[in-house]
Asks: 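One structure, as structure tokens, below. Some questions next.
When a residue number appears, it is its place in the shown sequence, counting from 1. Indexing begins at 1, ligand by ligand and atom by atom, following the structure's order.
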Amino acid sequence: MDYKNKKKTLNNKLIISLVSVILLVVVSIGVTINIVLENTFADYITKNNRKEINSLITSLEEEYKNNQWNIYNIKEIGKVSIDKGRIIELYDNKENLVWGAREYDNKMCHQTMDGIKNNMKNMNPKWDGEYSVEKYNLTNEYGDYIGYVNVGSYGAFYYMDEEVDFLNHINKLIVIIAIITIVITIIIAILISNNISKPIEKVSEMTKLIGEGGYTNKIEYNSNIKEIDTLINSINDLESKLEEQEKLRKRLTTDVSHELRTPLTSIQTHLEAILDGIWEPTNDRLSSINEEVIRLTSLVNQLKDLAKFDSDESKLNLTQVNLGQLIQNIIYNNQGKALEKNIEIKSSLEEIESNLDKEKISQLVVNLLSNAIRYTNEGGYIYLRSYKKDDAIKIHVEDNGVGIPDESLKYIFERFYRVDESRSKKTGGIGVGLTISKSIVNLHRGSIEVTSKVGEGTEFIVTIPVIDLKDI
Ligand code: ADP
């Protein structure tokens with residue numbers, strides 16, 4: 001059997017669960033009310049019977065005056081008693097029958113008692129109430145024995161027609177309330193489950209689409225459930241990231257092939273010209289070829305670095321480093337490039353001795369500084385600072401260059417991301433410098449932030465905690 005086919009949809013499952021729970025609750029409440037009501041009612045009837053018999057006895061005793069029974073009134077009392085399911089026989093103190101219900105109207109007595117029997121059997125088919133006769137002695141106001149009365153009935157507890165009607169009415173009401181509750185619950189269950197399952201269905205459709213490579217459709221659904229809203233937002237975020245990554249991946253293929261092809265073609269044509277004897281292998285020509293080879297090597301090295309950081313091979317090689325001096329040396333080495341663009345490099349470097357990976361921290365500062373030089377126009381300035389604050393080392397690289405647009409800021413650390421491709425191509429970058437820089441900072445358990453304004457400049461701030469990095 002196909003297991004999948006047996007799976008229920010979330011919608012059905014929610015509806016079935018909610019309705020089952022409510023059904024269970026409603027049925028249990030209904031049954032409990034019914035049982036409690038019947039018990040309480042039976043209790044009430046029993047007590048009432050007792051009271052009525054007492055009042056019957058008192059009424060009969062009152063009908064004996066001056067050694068005489070008031071037969072007319074006794075007949076009225078006897079008739080009312082038949083109506084209430086009691087067959088009475090009144091005897092005087094000499095055992096003579098004064099008034100008997102059966103003698104008065106045997107048919108009526110039978111009818112009433114059969115009615116009660118039917119009522120009780122209908123209410124409870126297992127009812128086995130037996131007709132029984134109780135004898136009560138009667139006394140006058142002085143306490144003298146004046147006779148007795150036999151009261152025949154179906155025990156202390158039985159239902160008359162009105163009581164059966166009352167109970168049936170209440171039971172009907174309970175059933176109606178239960179049906180209304182169940183109908184309302186089913187409607188609410190459908191609404192709730194739709195509310196929960198619709199967005200989840202949407203999300204699952206979208207994730208299927210994402211799985212098939214469609215990253216452009218966003219889930220446009222406003223749920224009033226916080227968790228589902230968060231889920232939708234996360235999927236949309238994920239989609240944007242995947243879309244961006246997909247774009248970067250496609251661009252990488254074009255970029256890498258383009259970046260490699262251009263210097264290779266140039267080297268090839270130059271070498272062919274030399275080999276064919278068209279060109280003299282002069283120093284200038286050979287150094288131009290050499291420059292292209294250097295460019296290629298740098299490109300391949302950057303790609304190699306990136307691959308290394310990707311493959312988790314990177315480990316920190318910690319030594320005691322004087323950070324101020326390290327940055328100062330990097331400034332000296334880059335001064336030439338800055339001077340070419342008439343850029344002034346200012347610095348304020350504290351003497352900080354710390355346990356760092358010297359090579360990687362150098363690479364980080366070189367990346368940030370060369371970016372600052374690349375993306376700052378002629379005559380600009382760059383300001384480098386390093387200091388210690390709250391158990392952390394801070395490195396600031398600030399420039400008054402072209403700046404980075406707001407919408408690009410969140411992507412600049414992504415691999416192969418370049419704000420302006422044509423500008424970056426001119427500047428020679430391939431969009432991995434900041435990715436590598438971020439990996440280096442992460443390896444040191446630190447963080448890197450950037451603030452920038454187009455046309456005003458950019459500032460990168462690196463924070464590296466002074467912790468025992470030996471275990472990393
Ligand atoms: P690239 O090799 O292209 O410079 P990076 O990863 O180093 O790649 O930088 C990513 C992008 O961030 C760059 O293409 C550039 O647009 C932008 N960027 C980096 N540093 C700066 C800066 N100091 N000023 C302006 N833009 C910058």
Asks: Using the ring of Y154 (Phe, Tyr or Trp, six-membered ring only), decide whether K117 places NZ or CZ under 6.0 Å from its centre and within 45 degrees of its axis.
Replies: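 No - K117 does not lie over the ring of Y154 by the 6.0 Å and 45° rule.
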
Asks: What atoms of ligand 1 come closer than 4.0 angstrom to any heavy atom of V419?
Replies: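 Per the distance check, 14 (O), 16 (O), 17 (C).
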
Asks: Could you go through the side-chain contact (heavy atoms from CB on, under 4.5 Å) check for H444 and I393 one step at a time?
Replies: CA-CA 11 Å; H444 283 84; I393 295 167; over 6 Å; no

Asks: Could you list all the side chain to side chain donor-acceptor pair (under 3.5 Å) pairs where at least one residue sits in residues 180-198, not counting sequence neighbours?
Replies: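 Every side chain to side chain donor-acceptor pair (under 3.5 Å) pair that includes a residue of residues 180-198, provided the two are not neighbours, is N11-S193, N11-N194.
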
Asks: Where on D399 is there a heavy atom closer than 4.0 Å to ligand 1, on the side chain, on the backbone, on both, or on neither?
Replies: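 Side chain only.
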
Asks: Looking at ligand 1, does G403 have a heavy atom less than 4.0 Å from it?
Replies: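 G403 counts as a contact of ligand 1 under the 4.0 Å cut-off.
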
Asks: Heavy-atom contacts with F460 under 4.0 Å: which atoms of ligand 1 show up? List them by number with element.
Replies: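 Atoms satisfying the 4.0 Å criterion: 20 (N), 23 (N).
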
Asks: Quick check on contacts: which atoms of ligand 1 are under 4.0 angstrom from a heavy atom of R374?
Replies: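 Under 4.0 Å from R374, ligand 1 has these atoms: 1 (P), 2 (O), 4 (O).
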
Asks: For the residue pair K394 and Y387, would you count it as a cation-pi contact if the rule is NZ or CZ under 6.0 angstrom from the ring centre and within 45 degrees of the ring axis?
Replies: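 Geometry flag: not set, cation outside 6.0 Å or 45°.
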
Asks: With a cut-off of 4.0 Å, which atoms of ligand 1 are near a heavy atom of I404?
Replies: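 Those of ligand 1 that fall under 4.0 Å from I404 are 18 (N), 25 (C), 26 (N), 27 (C).
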
Asks: Return yes if a side-chain donor-acceptor contact under 3.5 Å exists between N322 and E351, otherwise no.
Replies: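 The criterion, which ignores hydrogens and geometry beyond distance, is satisfied for E351 and N322.
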
Asks: Could you tell me, atom by atom, which parts of ligand 1 come under 4.0 Å of a heavy atom of V432?
Replies: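 So the atoms of ligand 1 that pass are 6 (O), 8 (O).
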
Asks: Considering only residues two or more places apart or on different chains, which pairs with a residue in residues 333-344 satisfy side chain to side chain donor-acceptor pair (under 3.5 Å)?
Replies: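 Listed once each, the pairs are N334-K337.
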
Asks: Out of F413, Y411, Y375, who gets a non-hydrogen atom closest to atom 13 (C) of ligand 1?
Replies: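 Heavy atom nearest to atom 13 (C) of ligand 1 belongs to Y375.
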
Asks: Give me the ring orientation class for W279 and H270: parallel if the planes are under 30° apart, tilted from 30 to 60°, perpendicular past 60°.
Replies: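 Rings of W279 and H270: tilted, as their planes differ by 30° to 60°.
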
Asks: Distance under 4.0 Å to a non-hydrogen atom of L434: what atoms of ligand 1 satisfy this?
Replies: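 Near L434, the atoms of ligand 1 are 5 (P), 6 (O), 7 (O), 9 (O), 10 (C), 12 (O), 19 (C).
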
Asks: Using a 4.0 Å cut-off to any heavy atom of I412, which atoms of ligand 1 qualify?
Replies: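 Numbered from 1, ligand 1 contributes 10 (C), 12 (O).
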
